[in-house]
Amino acid sequence: MKYGFFDDLNREYVITNPQTPYPWINYLGSQEFFSLISNTAGGYSFYKDARLRRITRYRYNNVPLDLGGGKYYYINDGEEVWSPGWAPVKKDLDNYECRHGMGYTKILGELNGIKTSITYFVPLNTNAEVHKVVINNKSNVEKNIKLFSFVEWCLWNALDDMTNFQRNYNTGEVEVEDSVIYHKTEYKERRNHYAFFSVNAPIYGFDSDRESFMGTYNGFHNPDAVFKGEPTNSIADGWHPIASHCLEINLKPGETKELVFLLGYIENDPDDKWEGKNIINKKKAKEMIQTFSTIEAVDRALDDLADYWDQLLSKYILDSHDDKLNRMVNIWNQYQCMVTFNLSRSASYFESGIGRGMGFRDSNQDILGFVHQVPDRARERIIDLASTQLEDGGAYHQYQPLTKKGNNEIGGNFNDDPLWLILSTVSYIKETGDYSILDVMTPYDNDESKSKPLSDHLKRSFDHVLNNLGPHGLPLIGRADWNDCLNLNCFSSEPGESFQTTTSKDGRVAESVMIAGMFCYIGEEYARLMEKVGNKEEANRAFAEVRKMREVIMEHGWDGSWFVRAYDDFGRKVGSHENEEGKIFIESQGLCIMGRCGLEDGRAIQALDAVEERLATKYGLVLLNPAYTKYYIEYGEISTYPAGYKENAGIFCHNNAWIMAAEAIVGRGDKAFDYYTRIAPAYTEERSEIHRMEPYVYSQMIAGKDASRFGEAKNSWLTGTASWNFVAISQYILGIKPDFDGLIVDPSIPKGWDGYTVTRQYRGDTYRITVKNPNHVSCGVSKITVDNKEISGNILPLFGDGKLHEVEVILG
Ligand code: BGC
Ligand code: IFM
């Protein structure tokens, strides 16, 4: 069942039923000011950091779910009270539509002949959210309505805001001047910022105190002021500051009125001297309000946003016979990659914005799917991440975007972390050819006095693995590797005792075959990079270490038909036929094959066949099998999940992409693409009532075959699934892969395909690559011509002339 449709021309998903199976959201903002907005206008805004600079309030896990706060509008049309976004009033509308587009959301509601549309967006280079409100009287009678706006302020620190009530019920401060409601809580004492909500028209009244607006016993769905049609002109003093305008609007039959609301965030210039004064410098707010004071200016800003996305999405354009594939590759997957790059795992409808900032492992992987869009921002991010690295090559697991300082609030010693930094750096260099990033002086542990060139960070990342090898010569897993929940270094003394991650008493320590596979894959890239920069000695050393690791994997990491997952703290295999449950895990199959293990002797194929046999389901590949049904304290968190959910045999969409890549590597394009379609959102649209999450973006997890709710997804938007699936489809399946010396063309596609065209902008040139498959094979390039001249090999030459180059590729 569907709840809307894709409008590919406008790059929108159009929701036609407000009661989607779950709130279906979008993100506004591309650089510093961000908002989450649901299809019924729920959500919130923040500046840079969802924890430390929360601008508006949102109640997670609310009842009902998405009535936790939003950018709400109410209309009292004299007959009825309703909201154009359906919520919060939830009055049935004659017409409803929500268009989630690239950086904007347009919600349209119609009742009693009054059609209202609200376009929400954050203009480029602006720390504000614009609401363009258009009201049209479609009836043949005059209408006199009252329009109420509503936002609720958060007292900046989102954690404090929802915990420290003894203080924050006393701190709220606002100021109202003309049509602008300023939120200046704690401005005098310790803040250098404030927010405001304005409208470009005279107002009839306002409210800035929540209880005065709502009534103590009412909710968002029935605020007193709206139902009475009378704002109270309240000034919040402590308690709950909000901002609500009330406008009287008269509409002749057929008449349309347009308004601009602006929700802005202002930071003082360092030389502003306001200390101790209970006034704010409104100059910047007024300038911003002036900038967006007309509909023309707002429309221009919307056009600019559209141009920006045209440009971002013109780097990789696919033209194939499959509309679903085209819309995933050309629009939604790339869009999600930008969002994950911006937000890492901080703020979604599943991530509260408080628990996590930017993840070290996560943000490095996000770069893989984003680097072609804005390489400069990827470069900056790589340096930010590397600056939090520790001197021994290990890493803080995350950092807060506002301070850019590393912390281990959710634990440290994830031994896969350092390798991802190599991968992101290599992908940046392959995209741009900019080797100078390696020379950037980059601190360790954010301490400038401990700065070393980025290349030194990569070396320490590589060596961190080698300096932490276990009894089989495999990498020690540490607290966990990519799989956060496989915590093998646990005391397992008392069943039922909550686990602690630490090395065991008798000195044995757990090892990860997955990190070993990563080391082969990413370590080889490191070695190739060293070769490229002329550091032969280091390259040779690295190649040799990688070769050695491959041997260790083949000796100790092979279980007979697939790759072992790990060795636990007692030296026992995990993810082996020897285990009663959890006999096979997905991660080591994907990464070991990407690390080129078992390619020559058939073991890679064997492992992939085992994946198909044991892990494949119609909704995607489960993470392990059989699911854990018992609690294994010595494995840590993993078996605490019910069977079929999350890391315990859920369909983790992130690592499905590694199997797609592995299948592509072994030349089985049909399987690679089949796995792709099982989880790609556009292909799940038809079963939205089962899948439940947005059909335009990936979710982290879909419940696996052992779960009672098999096929139901959770945790949409912020997941490494976005970047890895973009890598899998664009580089491994469609086979257009940036490398140090140019674009490699190496498709691995279903045999039935006749061909496709990819237009790829790369290092200033544009390549129009037409792949033809006359012999219906999956892979193997028989001939490439570039501008009508045949080339040898499959690396497209670099021209550097900024022109369009026609490439024809014949498979077979
Ligand atoms: C979740 C993981 C998450 C980890 C760290 C676990 O409970 O299952 O997905 O990454 O916690 O927060
Ligand atoms: O690898 C992790 C990621 O860092 C956060 N989400 C879950 C993944 C698997 O545990």
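Here the side chain of Asp362 pairs no donor or acceptor atom with the backbone of Met358 at under 3.5 angstrom. A donor-acceptor pair under 3.5 Å is formed between the side chain of Asn39 and the backbone N or O of Pro18. Using a distance-only test at 3.5 Å, with no hydrogens or angles considered, a donor-acceptor pair links the side chain of Asn168 to the main chain of Asn164. Under a 3.5 Å cut-off, the side chain of Tyr60 and the backbone N or O of Gly68 do not form any donor-acceptor pair. Asn408 places a side-chain N or O within donor-acceptor distance of the main-chain N or O of His397, the cut-off being under 3.5 Å. Side chain of Asn137 to backbone of Leu251: a donor-acceptor contact under 3.5 angstrom is found. Between the side chain of Tyr645 and the backbone N or O of Met701 there is no donor-acceptor pair closer than 3.5 Å. The main-chain N or O of Ser208 is found under 3.5 Å from a side-chain atom of Ser234 such that the two form a donor-acceptor pair.
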Show me the donor-acceptor pairs within less than 3.5 Å that the side chains of residues 111-120 make with the rest of the protein, sequence neighbours left out.
{"residue": "Asn112", "atom": "ND2", "partner": "Asp77", "partner atom": "OD2", "Å": "2.8"}
{"residue": "Asn112", "atom": "ND2", "partner": "Glu80", "partner atom": "OE1", "Å": "3.0"}
{"residue": "Tyr120", "atom": "OH", "partner": "Lys71", "partner atom": "O", "Å": "2.9"}

Sequence neighbours excluded and cut-off under 3.5 Å, please list the side-chain donor-acceptor pairs for residues 344-353, or say none.
{"residue": "Ser344", "atom": "OG", "partner": "Gly359", "partner atom": "N", "Å": "3.1"}
{"residue": "Ser344", "atom": "OG", "partner": "Ser363", "partner atom": "OG", "Å": "3.1"}
{"residue": "Arg345", "atom": "NH1", "partner": "Asp366", "partner atom": "OD2", "Å": "3.1"}
{"residue": "Arg345", "atom": "NH2", "partner": "Asp366", "partner atom": "OD1", "Å": "2.9"}
{"residue": "Ser346", "atom": "OG", "partner": "Leu343", "partner atom": "O", "Å": "2.9"}
{"residue": "Ser348", "atom": "OG", "partner": "Phe350", "partner atom": "N", "Å": "2.9"}
{"residue": "Ser348", "atom": "OG", "partner": "Glu351", "partner atom": "N", "Å": "2.9"}
{"residue": "Tyr349", "atom": "OH", "partner": "Gly43", "partner atom": "N", "Å": "3.3"}
{"residue": "Tyr349", "atom": "OH", "partner": "Tyr58", "partner atom": "OH", "Å": "3.3"}
{"residue": "Tyr349", "atom": "OH", "partner": "Asp66", "partner atom": "OD1", "Å": "2.7"}
{"residue": "Ser352", "atom": "OG", "partner": "Ile354", "partner atom": "N", "Å": "3.2"}

Side-chain donor-acceptor contacts of residues 293-303 below 3.5 Å, not counting sequence neighbours, with atom names and distances?
{"residue": "Ser293", "atom": "OG", "partner": "Gln290", "partner atom": "O", "Å": "2.8"}
{"residue": "Thr294", "atom": "OG1", "partner": "Ala297", "partner atom": "N", "Å": "3.0"}
{"residue": "Asp299", "atom": "OD1", "partner": "Lys132", "partner atom": "NZ", "Å": "2.8"}

Just list the side-chain donor-acceptor pairs under 3.5 Å for residues 236-244, sequence neighbours left out, or say none.
{"residue": "Ser244", "atom": "OG", "partner": "Ser149", "partner atom": "O", "Å": "2.6"}

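For Phe292, the ring pair (Phe, Tyr, Trp, His ring centres under 6.0 Å) test picks out no residue, with sequence neighbours left out. Trp86 is linked by a ring pair (Phe, Tyr, Trp, His ring centres under 6.0 Å) to nothing, counting only residues two or more places apart in sequence or in another chain. Remark: Phe206 engages no residue in a ring pair (Phe, Tyr, Trp, His ring centres under 6.0 Å) (not counting sequence neighbours). For Val141, the side chain to side chain contact (heavy atoms under 4.5 Å, CB included) partners at least two apart in sequence or on another chain are Ser139, Lys143. Remark: Trp332 engages no residue in a side chain to side chain donor-acceptor pair (under 3.5 Å) (not counting sequence neighbours). By the side chain to side chain donor-acceptor pair (under 3.5 Å) test, Tyr13 pairs with Glu685, sequence neighbours left out. Listed by chain and number, the residues in a ring pair (Phe, Tyr, Trp, His ring centres under 6.0 Å) with Tyr3 are Trp24 (sequence neighbours excluded). With sequence neighbours left out, the side chain to side chain donor-acceptor pair (under 3.5 Å) criterion links Glu97 to Arg99.
Residues Cys98 and Thr105 are in side-chain contact: their nearest non-hydrogen atoms beyond the backbone lie under 4.5 Å apart. Leu52 has its side chain out of reach of Trp156: every pair of non-hydrogen atoms, C-beta onward, lies at least 4.5 Å apart. Using a 4.5 Å heavy-atom threshold, the side chains of Gln336 and Thr719 count as touching.
Using a cutoff of 4.0 Å between basic side-chain nitrogens and carboxylate oxygens, Arg59 and Glu152 are scored as salt-bridged. Salt-bridge check for Glu32 with Arg53: failed, with every basic side-chain N at 4.0 Å or more from each acidic carboxylate O. Comment: Arg11 engages Asp310 in a salt bridge, judged by a side-chain N to carboxylate O separation of less than 4.0 angstrom.
Here the CG-CZ distance, from Asn76 to Phe227, works out to 8.0 Å after rounding to the nearest 0.5 Å. A distance of 11.0 Å separates CG in Leu263 from CG in Asn127, rounded to the nearest 0.5 Å. Separation of atoms CE (Met338) and OH (Tyr27) is listed at 14.0 Å; rounding is to 0.5 Å. Between the NZ atom in Lys146 and the CD1 atom in Ile249 there is a gap of 11.0 Å [rounded to 0.5 Å]. Note that CD of Glu248 is 11.5 Å distant from CD1 of Ile203, once rounded to the nearest 0.5 Å.
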Stepwise ring pair (Phe, Tyr, Trp, His ring centres under 6.0 Å) test for Tyr72 and Phe220: CA-CA 9 Å; Tyr72 297 139; Phe220 290 125; 5.5 Å; yes

Derivation and outcome, side-chain contact (heavy atoms from CB on, under 4.5 Å), residues Glu186 and Arg167: CA-CA 11 Å; Glu186 295 191 348; Arg167 172 174 168 80; 2.6 Å; yes

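A donor-acceptor contact under 3.5 angstrom links the side chains of Glu230 and Tyr204, judged on distance only. Tyr696 and Glu12 share no donor-acceptor pair across their side chains, judged by distance under 3.5 Å alone. Defined by atom type and a distance below 3.5 Å, a donor-acceptor pair is present between the side-chain atoms of Asn250 and Glu142. With no hydrogens or angles considered, a side-chain donor-acceptor pair links Ser45 and Ser35 at under 3.5 Å. Between Asn407 and Gln398, the side chains place a donor N or O and an acceptor N or O closer than 3.5 Å (distance only, hydrogens not considered). Remark: the Tyr47 side chain and the His193 side chain contain no N/O donor-acceptor pair separated by less than 3.5 Å.
The neighbour count for Phe165 CZ, taken as heavy atoms of other residues, nucleotides or ligands under 6.0 Å away, is above 12.
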